[in-house]
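Below, chain A is the first sequence line, B the second, and so on; all start at residue 1. Every value quoted in this text rests on a predicted model; they were computed, and no experiment measured them. Every heavy atom of this structure was used, including side-chain atoms; hydrogens, water molecules and symmetry mates were not.
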Amino acid sequence: DAKTTQPNSMESNEEEPVHLPCNHSTISGTDYIHWYRQLPSQGPEYVIHGLTSNVNNRMASLAIAEDRKSSTLILHRATLRDAAVYYCILRDIRADGLTFGKGTHLIIQP
Amino acid sequence: DAGITQSPRHKVTETGTPVTLRCHQTENHRYMYWYRQDPGHGLRLIHYSYGVKDTDKGEVSDGYSVSRSKTEDFLLTLESATSSQTSVYFCAISVSGSGDTQYFGPGTRLTVL
């Protein structure tokens, strides 16, 4: 899987939107962009994924740049329960496991 | 909830002893995975399975073996545990394998003294 770059940590306030960036300048045409998050002392949890178009689900939105070299995970209204490490992962359709980087540690202030 | 359980949840053992971790799923999904997570590293794939008796190595497979004799269970064995295998181990499942969403278990914290 190709490499992604994320900020080590970000801080936001409760009930405000959060934009988590991810750079993936070496993305290939067959790579899907996946986001997972890991709450303290839990296993990773799937958040959202996309290929080219922006995606929305009940947890978040994924905005993908037109050239696909970057993406942004959007939490529309952060709660304290959203405090976690967020991983941006490129996943080739042929890949078996997930390749996790160090992710972004999101801190939510009350 | 993807119906994944791991046992034991915590284990302390001594160097040189064999250890087996169990991952159990209730959804009858074909694909199962074992990862380890260490401070300063993201999760790393140890082994995976794409069906009963069908397994393959991942990125960090040395010192580990796996078995899958039935769909619902995927076992990870450390034949002779070493301190470098102290880690948190996560099991995951997916419906269709390559490129698909994975669902993770709660993890097993293993300490090798």
Would one find more than 12 heavy atoms of other residues, nucleotides or ligands at under 6.0 Å from atom [atom1] of [X]?
{"X": "Glu16(A)", "atom1": "CD", "result": "yes"}
{"X": "Asn8(A)", "atom1": "CG", "result": "no"}
{"X": "Arg68(A)", "atom1": "CZ", "result": "yes"}

Is [X] linked to [Y] within one hydrophobic cluster, defined over Ile, Leu, Val, Met, Phe, Trp and Tyr using a side-chain heavy-atom separation of less than 4.5 Å?
{"X": "Leu75(B)", "Y": "Ile93(B)", "result": "no"}
{"X": "Leu80(A)", "Y": "Tyr86(A)", "result": "yes"}
{"X": "Ile33(A)", "Y": "Ile74(A)", "result": "no"}

- What are the two closest non-hydrogen atoms of Tyr36(A) and Gln102(B), and how far apart are they?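 Reported closest heavy-atom pair: OH-N, 2.8 Å.
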- Item | Closest non-hydrogen atom pair between Phe90(B) and Gln38(A), with its separation |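 Shortest heavy-atom separation between Phe90(B) and Gln38(A) comes out as CZ-NE2, 3.5 Å.
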- Query: Who in residues 44-62 of chain B is close to chain A, using a strict under-4.5 Å heavy-atom cut-off?
  - Reply: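 Within residues 44-62 of chain B, the residues under 4.5 Å from chain A are Leu45(B), Tyr48(B).
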- Taking the side chain as C-beta and beyond, is there a heavy-atom pair between Leu98(A) and Phe104(B) under 4.5 Å?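 Leu98(A) vs Phe104(B): side chains touch.
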- Task: Could you list which of residues 102-110 of chain A have a heavy atom closer than 4.5 Å to any heavy atom of chain B, in residue-number order?
- Result: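 Hits under 4.5 Å: Lys102(A).
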